[in-house]
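For ligands, and for the atoms within them, numbers begin at 1 and follow the listed sequence.
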Amino acid sequence: MVVLISGTGSNLLALIRASNQPGCGFSVKAAISNNPQAPGLDRANQVGIATAVVNHRGFETRQDFERVLQSTVDAYEPDLVLLAGFMRILGADFVSHYLGHMLNIHPSLLPKFTGLNTHQRVLEAGEREHGASVHFVTRELDGGPIIAQDTVPVFENDTAAVLAARVLEREHRLYPMVVTWFAAGRLQLRDNRAVLDNQVLPPGGMPVESVLEL
Ligand code: GAR
């Protein structure tokens, strides 16, 4: 796996930790960031994972940036590319190149709250439930087939920061779980649908109760 990050890298660390467990079936080859200041780069280095930076600011166009990003990723020959707090929108060519081999984790119960600032927007909307989703990356922003979701309650006096931390804890459990399925050959993208164990997953992905049983 190659993991793309832009910031803290706590999901990256959760994935690395999971990859060190016996029988998980995957390894993290590199962490690549568009942001040279991403704290996740240091965290990866500290645990012996290769890192690279492809700074989007150094390119005239998104296509130029993505061409270099793609060759940097491909140098590691990954079976799967994981977006983990990667905060750049990816263009059609890049997405097509990895179609079926690129996942994203998003801090909301998709299809609700695509885009940024999800926790604040959930509070403003008065939602009673929130969570995280893992999905295949397709050309539709945060819109690819959902593989699995985990749900947390929203309490009256929550702040965005408190809610973000509650969701993040679930992300750290959810993402490695889904990656393990992919590594075991159980998960595919077929006809723009997520398929697990030859069963098309429902639109909201694997129901949370079933995720926890696996
Ligand atoms: C995570 O909450 C992830 O779901 C979110 O950014 C955070 C990264 O944290 N991703 C997005 O918002 C993508 N649109 P991390 O760097 O500590 O893993």
Engineer: How about His172 and Ser10: do any of their side-chain heavy atoms sit closer than 4.5 Å?
Structural biologist: yes

Engineer: Below 4.0 Å from any atom of ligand 1, is there a heavy atom belonging to Gly9?
Structural biologist: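 Per 4.0 Å heavy-atom rule, Gly9 contacts ligand 1.
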
Engineer: Could you tell me if Asp74 and Tyr98 have a donor-acceptor pair between their side chains, going purely by distance under 3.5 Å?
Structural biologist: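 The criterion, which ignores hydrogens and geometry beyond distance, is satisfied for Asp74 and Tyr98.
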
Engineer: Atom 17 (O) of ligand 1: which protein heavy atom is closest, and how many Å away?
Structural biologist: Ser10 OG, 2.6 Å

Engineer: Show which atoms of ligand 1 fall inside a sub-4.0 Å distance from at least one heavy-atom site of Leu168.
Structural biologist: 1 (C), 2 (O)

Engineer: Pairing donors with acceptors under 3.5 angstrom, does anything connect the side chains of Thr151 and Glu129?
Structural biologist: no

Engineer: Of the side chain and backbone of Leu83, name the one, both, or neither that has a heavy atom under 4.0 Å from an atom of ligand 1.
Structural biologist: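 Answer for Leu83: neither.
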
Engineer: Below 3.5 Å, N or O to N or O, backbone or side chain included: is there any such pair between Asn104 and ligand 1?
Structural biologist: no

Engineer: When you measure from atom 3 (C) of ligand 1 to every protein heavy atom, which one gives the shortest distance, and what is it?
Structural biologist: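 That would be Glu171 OE1, 3.3 Å.
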
Engineer: With sequence neighbours left out, what residues match Asp158 under salt bridge (Lys or Arg N to Asp or Glu O under 4.0 Å)?
Structural biologist: Arg166

Engineer: Which residue and atom name correspond to the protein heavy atom nearest atom 12 (O) of ligand 1, and how close is it?
Structural biologist: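 Of the protein heavy atoms, Pro107 CD, 3.4 Å lies nearest.
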
Engineer: Does either side chain, that of Asp93 or that of Ser96, offer a donor lying less than 3.5 Å from an acceptor on the other one?
Structural biologist: no

Engineer: Within a distance under 4.0 Å of any heavy atom of Thr8, pick out the atoms of ligand 1 and give their elements.
Structural biologist: 16 (O), 17 (O)

Engineer: Around atom 14 (N) of ligand 1, find the nearest protein heavy atom and jot down its residue, atom name and distance.
Structural biologist: His106 ND1, 3.7 Å

Engineer: Would you say ligand 1 has an N or O under 3.5 Å from any N or O of Asp142?
Structural biologist: no

Engineer: If you take the nearest heavy atom of each of Met87, His172, Arg43, which one is closest to atom 13 (C) of ligand 1?
Structural biologist: Met87

Engineer: Examine His106 together with His135 and report whether their ring centres are nearer than 6.0 Å.
Structural biologist: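 Here the rings of His135 and His106 have centres that are no less than 6.0 Å from each other.
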
Engineer: Under 4.0 Å from any heavy atom of Ile105, which atoms of ligand 1 are there?
Structural biologist: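 The atoms of ligand 1 under 4.0 Å from a heavy atom of Ile105 are 4 (O), 10 (N).
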
Engineer: Evaluate the ring planes of Phe65 and His56, with Trp represented by its six-membered ring, and classify them as parallel (under 30°), tilted (30 to 60°) or perpendicular (over 60°).
Structural biologist: perpendicular

Engineer: Under a 4.5 Å cut-off applied to non-hydrogen side-chain atoms, are Asp142 and Phe113 in contact?
Structural biologist: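 Result no, sub-4.5 Å side-chain heavy-atom pair not found.
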
Engineer: Taking Met87 as the fixed residue, which of Asn35, Leu116, Ile5, Asn34 is the one that meets the side-chain contact (heavy atoms from CB on, under 4.5 Å) rule?
Structural biologist: Leu116

Engineer: Provide the number and element of each atom of ligand 1 under 4.0 Å from a heavy atom of Gly85.
Structural biologist: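 Answer for ligand 1: 6 (O), 8 (C), 10 (N).
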
